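Quantities reported herein were computed from a predicted structural model and do not represent experimental measurements. Side-chain atoms are counted along with the backbone in the values below, which use heavy atoms only and exclude waters and symmetry mates.
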Amino acid sequence: GGHAFGKSHGACLLGAGPNPEEQPLNPWPGLCGTGRGIDTFTSGIEGQWTTFPFQWDNEYFKLLRDDGFDYELITGPGGAKQWRNPNNGLLMLTTDLALIYDEGYMDMVELFASS
């Protein structure tokens, strides 16, 4: 998704907008305009997760397995806290790294990293 390309979505300060029951074809569009261009909201987390974000591979899982415990907490270019891999400068979220701190999810990380 967009995360691999270096952007993480943010939340419109005016609210999420209509829920799926109220607007099933466009749920939670945000109440801050179009959501594009000048109406775009970001979480402030920016930077790519993998070396080749336009190529499908298992590098994400290999990075978690091999370097996950080495990531350093930084303030990223968008002003938000995020994690930087000191070996290559690639970035992840806390929710990404959480996968390796849970035994069940770590098993899945290992499986996909080895595929």
Side-chain angles (χ1 to χ4, degrees):
H3 295 191
F5 303 119
K7 294 289 183 187
S8 292
H9 52 81
C12 167
L13 300 176
L14 300 177
N19 67 44
E21 278 186 22
E22 298 167 327
Q23 195 169 310
L25 297 179
N26 186 27
W28 297 304
L31 299 175
C32 294
T34 65
R36 296 183 290 273
I38 62 170
D39 295 332
T40 301
F41 281 81
T42 178
S43 63
I45 296 173
E46 299 183 12
Q48 66 189 61
W49 273 234
T50 61
T51 307
F52 303 104
F54 295 105
Q55 176 181 314
W56 181 257
D57 59 24
N58 65 344
E59 182 186 19
Y60 170 82
F61 294 102
K62 288 180 178 181
L63 290 168
L64 281 172
R65 180 193 65 196
D66 300 340
D67 298 342
F69 294 104
D70 298 331
Y71 278 70
E72 304 165 332
L73 185 62
I74 63 163
T75 300
K81 298 289 186 191
Q82 58 193 98
W83 297 90
R84 185 181 69 80
N85 185 322
N87 301 314
N88 55 32
L90 297 172
L91 302 166
M92 288 200 184
L93 301 173
T94 300
T95 50
D96 295 309
L97 295 176
L99 295 171
I100 62 174
Y101 287 91
D102 179 286
E103 189 176 306
Y105 283 107
M106 185 58 181
D107 290 344
M108 287 186 242
V109 168
E110 290 278 358
L111 175 67
F112 286 111
S114 299
S115 301

Which distance, rounded to the nearest 0.5 Å, do you find between the CD1 of Ile45 and the OG1 of Thr75? 11.0 Å
Below 4.5 Å, heavy atoms only, C-beta onward: do Asn85 and Met92 meet side chain to side chain? no
With rounding to the nearest 0.5 angstrom, report the CG to CG distance, Asp67 to Asn87. 4.5 Å
Do Lys81 and Leu73 have side chains that get closer than 4.5 Å, going by heavy atoms? yes
Less than 4.5 Å apart, any side-chain heavy atom of Met108 and any of Leu99? no
According to a hydrophobic-cluster definition based on side-chain heavy atoms being under 4.5 Å apart (Ile, Leu, Val, Met, Phe, Trp, Tyr only), do Ile38 and Leu13 belong together? no
How about Gln55: does its CD atom have over 12 heavy atoms from other parts shown lying under 6.0 Å from it? yes
Just so I know, are the side chains of Trp28 and Asn19 near enough to count as touching, which here means a heavy-atom distance under 4.5 Å? yes
Only residue of Thr94, Asp70, Asp96 satisfying side chain to side chain donor-acceptor pair (under 3.5 Å) with Trp83 is Thr94
Nearest heavy-atom pair of Ser114 and Arg65: which atoms, and what distance? OG-NH1, 3.7 Å
Evaluate whether atom CZ of Phe69 has more than 12 neighbouring non-hydrogen atoms of other residues, nucleotides or ligands under 6.0 angstrom away. yes
When rounded to the nearest 0.5 Å, the distance separating SG of Cys32 from CG of Leu14 is 4.0 Å
Cluster question for you: counting only ILVMFWY and a side-chain heavy-atom cut-off of under 4.5 Å, with indirect links fine, are Leu111 and Val109 together? no
Can you get from Phe52 to Phe112 by hopping between Ile, Leu, Val, Met, Phe, Trp and Tyr side chains that sit under 4.5 Å apart? no
Cluster check Leu63, Tyr105: I/L/V/M/F/W/Y, side chain < 4.5 angstrom: yes
For the side chain of Gln82 and the backbone of Glu46, is there at least one donor-acceptor N/O pair under 3.5 Å apart? yes
Below 4.5 Å, heavy atoms only, C-beta onward: do Pro27 and Pro18 meet side chain to side chain? no
Are the side chains of Thr51 and Glu59 in touch, meaning some heavy atoms are under 4.5 Å apart? yes
Look at atom CD of Glu103 and say whether more than 12 heavy atoms of other residues, nucleotides or ligands are closer to it than 6.0 Å. no
Would a single hydrophobic cluster contain both Phe61 and Trp56, if residues Ile, Leu, Val, Met, Phe, Trp and Tyr are joined by side-chain heavy-atom contacts under 4.5 Å? no
